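Report on the following structure.
Because the structure is a prediction, the values reported are computed rather than measured. Per chain, numbering begins at 1; letters A, B, ... match sequence-line order. As a basis for the values below, the full set of heavy atoms in this structure was taken, side chains included, without hydrogen atoms, waters or symmetry mates.
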Amino acid sequence: MTDFVRPVRDELPRRTVLAGTAVGAGVLALGAQDPAAAASRFFRHGVASGDPLPRRVVIWTRVTPTAAATPGSGRGPRVRVTWQVATDRAFRRIVARGTVRTGPARDHTVKVDARGLKPATDYFYRFVYQGQRSPVGRTRTAPAAAASPSRLRFGVVSCSNLEAGWFAAYRHLAQRDDLDAVLHLGDYLYEYGVGEYAMGSDDVVVRPHVPRTEIVSLRDYRQRHAQYKQDPDLQALHARHPFIVTWDDHEVTNDQWAEGAENHQPSEGDYRARRRRAHRAYDEWMPVRLNGTAKLGDGSKIYRSLRFGTLAEIALLDLRTYRSQQSTAVPTPIPNPDPTNSDPNRTITGREQMTWLKRLLRRSPAQWKLIGNPVMITPVVFPPLPADITGPIADMTGLLPTDGLPYNSDQWDGYQAERREVLRHLADHGVTDTVFLTGDIHSAWACDLPVDAGTYPLSRSVATEMVCTSVTSNNLKDITGTPARTTSVAIEAAILTLNRHIRYLDFDSHGYSVLDVTPERTQMDWYVTGARDDRRATSRWSTSWQTRAGTQRVTAASAPVPSRRSDR
Amino acid sequence: MCESHGSSSTPTPDLSRRSLLRLGAAGGAGVVLSTALDAPAVAAKGRTRAYVLVLDGMIPGEIDSGLMPTVKALRDGGTRYPLARSLPVMETIPNHVMMMTGVRPDRSGVPANSIYDRGEKVHRDLDRATDLRFPTLIERLNRKGFTTGTVLSKPYLFGVFGERATHRWEPFPVIPVSDHAPDLFTMQALTSMVTEHDPNLVFASLGDCDRFGHSDLTGTSLRLLRNVALAQVDLQVRRFVDLLKSTGRWRNSVMIVLADHSMDWSRPDRLISLVPRMAADPLLAGKVEVNQNGGADLLYWLGPAAQRAEAIKRMRRIALATPGVLSVHRPRALRLGPQAGDLVAYCRAGWRFSDPQPFSNPIPGNHGHPATAPIPFFITGGHPAVKRRTSSKRAATIDVAPTIGELFGLGQPRGGYDGRSRLL
């Protein structure tokens with residue numbers, strides 16, 4: 001079934017048409033009708049919403065006014081597109097509307113900060129061009145700043161590589177009716193050419209990338225965004241829930257840092273120019289406020305925060321644009337002995353973002369500080385070393401990283417001085433109930449976050465971290481080409497044994513997570529999806545972990561939260 | 001707790017103004033309660049009873065440690081505020097005063113455990129009844145015909161609240177080094193007071209958790225003494241709840257259980273002494289007094305007023321350059337009032353101040369700094385006003401008086417509360 005609107009040519013004020021019977025709350029449920037096919041020729045890339053605030057939300061679409069106006073082409077006329085926001089599916093009660101211009105200069109994307117809305121309210125939105133309607137999207141505003149919601153719930157995803165499989169995780173999340181928003185923690189798309197990084201050790205291409213080569217130009221980035229936005233499962237999820245996103249590296253290119261990237265060669269031109277192009281396309285194609293606005297071209301600062309009453313504040317980090325170059329490259333998971341991993345002159349956040357983050361942690365009026373964190377912050381080292389022992393040794397000899405030898409220096413482990421700065425800030429200021437929500441590493445983790453992992457569990461934990469699996473990107477078993485629960489088990493055991501603050505680890509699964517937030521606790525439920533090349537892969541609950549208020553520690557939960565909510 | 005130096009002695013309450021009642025208590029120990037001579041003959045007004053139970057120095061997460069099943073059950077059955085905080089300076093006396101006044105120290109006159117008294121030219125504890133300059137909830141309830149009681153385990157708390165309550169317990173026996181009455185005796189006194197006088201409000205403070213925390217040389221790592229204290233506190237709370245339930249009082253009772261501050265442990269080498277650093281500055285030498293409050297130092301400029309601005313600038317610069325100092329604030333910004341001096345310095349987690357000498361503060365467990373601000377705070381009991389819910393709103397010690405005041409239908413004090421009622 002679907003309640004996507006089929007394009008009709010009625011006059012807008014008199015229309016109440018919804019295709020289908022719109023039974024239930026879902027904007028669409030996959031199977032009955034392909035939403036890409038349902039969209040008109042003008043709206044081929046679906047609709048989306050994001051960055052919900054109490055009184056406004058970003059709504060997005062892309063219009064294709066002529067056949068030639070394909071993404072990245074720079075062709076097609078400048079046009080006017082009308083948008084509407086209503087409290088009902090039939091658009092009888094329209095509460096906000098307007099008209100905006102778009103054209104080839106912005107790749108015919110439409111991004112509007114719809115204002116004048118009510119807090120904690122479900123809305124429906126759509127776009128109209130030449131009398132033809134877009135599919136209908138549903139979104140939800142955040143609670144008022146002073147409100148104290150009894151519950152919030154978010155889908156949590158990261159690392160969705162289209163070539164590596166179907167987005168079953170998105171499909172299953174789109175079928176849920178209980179989410180306030182979806183957090184995408186980075187690697188929303190991948191930059192690689194066809195077959196360069198696909199499914200498994202043999203790089204089986206489940207769906208070929210468009211364009212076929214690695215994306216470098218603005219045209220390339222636009223076409224790649226357009227391809228992802230035509231995926232039916234992603235379209236369904238965008239149409240059903242607002243997104244709250246940040247980027248990791250692949251939105252530009254692999255292992256990027258402030259001045260370059262592993263996957264950027266001199267022959268591909270100036271790196272900063274490439275990043276500007278990538279960020280431009282991202283701003284055009286994503287329902288996000290860069291630099292605090294829905295406008296294009298006014299800056300590309302993506303780190304920001306969103307309040308959900310007194311219950312939670314979500315801070316989204318940018319851990320790529322300002323970071324120092326990674327230390328000596330050592331393949332994961334081989335321990336990296338490079339002492340520059342703890343060099344205090346190196347940064348992963350940049351000074352301005354660090355100041356902003358510390359201030360937010362210190363002053364947030366919300367109980368739960370949820371940090372959308374593109375790469376893991378928990379120490380994963382061999383072995384964790386007490387700071388009181390390694391600090392003087394490192395100062396004297398400069399031979400070892402102070403926190404121990406990290407297995408992946410692309411994450412906070414490669415920037416140990418700044419990690420200590422954040423964790424000590426939490427301790428110094430008595431900040432409680434901070435939960436880092438992380439992607440990037442294509443595996444599931446639940447961790448305590450001690451200031452000094454070398455003395456844990458005798459020393460204090462100051463926060464926790466929950467890491468979601470990838471939607472499709474290769475995990476450890478995929479890389480090694482071995483069956484699940486074989487080779488990975490030994491590595492998981494070694495990490496868990498040497499890092500006692502890590503309570504749960506699964507290197508072998510793909511899927512999505514659901515984060516349930518109440519004043520008593522936060523709970524992350526991990527769901528595992530089936531074979532990535534199975535268009536109809538199923539989903540099953542895997543495990544759940546909680547952070548109880550005031551404890552700064554994770555504990556196992558016995559069951560996932562029910563998908564039905566009593567607080568709505 | 002008081003880590004001050006050069007403290008003056010606590011004024012002994014005037015016995016001639018008290019009528020002493022010796023009451024038999026469990027285990028044969030004697031409990032001495034004093035009652036105001038002008039106390040109403042009838043013990044209490046109405047059925048509602050309120051008990052404010054301060055678990056001095058408790059860290060919120062300790063309730064989930066498995067050592068405190070009774071306290072956890074009370075918390076989970078009531079209205080819980082996980083974001084609750086102690087307020088500056090995160091010390092015992094000012095936060096107990098904030099609980100009973102509902103106003104910040106710039107209005108109550110009690111900003112810290114210890115100050116440098118410019119008038120008397122001494123460092124002293126704020127343990128005199130005259131130090132507290134704002135009408136307390138206790139007095140205001142008394143004026144409305146309700147009866148009140150205080151059962152406070154530390155002599156300086158007994159001192160600052162003085163004879164305000166209808167019924168008082170003077171802590172006894174007091175352990176010399178820790179300067180507090182063990183919880184066993186404090187709870188016997190509370191039990192006796194409720195059994196014999198049944199006041200409308202009892203303000204009780206249990207000190208073991210704090211005192212064992214201060215002296216626990218196993219500190220952050222093992223916390224052996226601390227854990228014993230937690231189990232003991234839970235046992236005492238259970239005794240009290242059992243009493244309320246067995247005597248039928250529970251259904252009319254509201255209990256606010258909270259801490260005045262939490263606790264942080266430091267190593268012997270993580271000491272901060274600002275006195276020698278101030279003395280090394282030509283302008284400041286001999287003209288600065290530093291009053292140590294564990295995790296906070298209060299700095300006083302004693303030189304000419306014309307040099308104050310420059311002196312404060314230097315004091316701030318020197319303090320911020322000292323390893324272990326987290327931040328420096330003007331007292332006004334923290335709403336502490338003039339008694340707190342010219343600057344307040346906080347230490348980082350895992351450090352402590354030790355002034356005037358590096359050996360002045362030998363105890364590993366301290367509070368007063370922001371690391372010790374998170375506290376447990378919940379409202380429980382059998383009274384219909386108690387709701388089972390967890391709130392994400394920020395509560396604070398200053399909210400106790402407005403909450404109890406609402407329960408008894410009391411209006412706002414002159415100038416209003418700085419806190420707010422946390423009854424849902």
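Note on residues 367-379 of chain B: no pairs pass salt bridge (charged side-chain N to carboxylate O under 4.0 Å, His left out), not counting sequence neighbours. Sorted by first and then second residue, the salt bridge (charged side-chain N to carboxylate O under 4.0 Å, His left out) pairs involving residues 316-334 of chain B (not counting sequence neighbours) form an empty list.
Distance check: B:Leu326 CG to A:Arg424 CZ gives 12.5 Å after rounding to the nearest 0.5 Å. In this structure, B:Tyr346 OH and A:His429 NE2 are separated by 11.0 Å, a value rounded to the nearest 0.5 Å. A distance of 6.5 Å separates NZ in B:Lys393 from OG1 in A:Thr310, rounded to the nearest 0.5 Å. Atom-to-atom distance recorded for B:Ile63:CD1 and A:Thr551:OG1 is 12.0 Å, nearest 0.5 angstrom.
Between B:Ala371 and A:Ala427 the shortest heavy-atom distance is CB-O, 3.3 Å. For A:Arg460 against B:Asp264, the heavy-atom pair with the smallest separation is NH2-CA, 4.0 Å. For the pair B:Ala349 and A:Asp428, the tightest heavy-atom approach, listed with the atom from each and the gap, is N-OD1, 2.7 Å.
Side-chain contact between A:Asp433 and B:Pro82: present, with at least one pair of heavy atoms (C-beta onward) separated by less than 4.5 Å. Looking at B:Ser392 and A:Ser148, their side chains come closer than 4.5 Å, going by heavy atoms from C-beta outward.
The greatest number of non-hydrogen atom pairs below 4.5 Å with chain A, out of B:Pro370, B:Gly61, B:Gly350, is found for B:Pro370. Ranking B:Ala373, B:Pro376, B:Pro374 against chain A, the residue ahead of the rest is B:Pro374, based on heavy-atom pairs under 4.5 Å.
In this structure, no portion of A:Ala312 lies under 4.5 Å from any heavy atom of chain B. If you measure heavy-atom distances from B:Arg394 to chain A, the contacts under 4.5 Å come from the side chain alone. Using a 4.5 Å cut-off between heavy atoms, A:Ser364 touches chain B through its backbone atoms (N, CA, C, O) alone.
Surrounding CZ of B:Arg420 are at most 12 heavy atoms belonging to other residues, nucleotides or ligands under 6.0 Å away. Other residues, nucleotides and ligands place no more than 12 heavy atoms under 6.0 Å from the CZ atom of B:Arg388. Crowding of A:Arg564 atom CZ: a count of heavy atoms from other residues, nucleotides or ligands under 6.0 Å not exceeding 12.
Residues of residues 356-363 of chain A lying under 4.5 angstrom from chain B, judged on non-hydrogen atoms, do not exist. For residues 543-550 of chain A, heavy-atom neighbours of chain B at less than 4.5 Å comprise A:Arg548, A:Ala549, A:Gly550, sorted by residue number.
Counting only N and O atoms by type, the side chains of A:Arg521 and B:Thr390 include no donor and acceptor under 3.5 Å apart.
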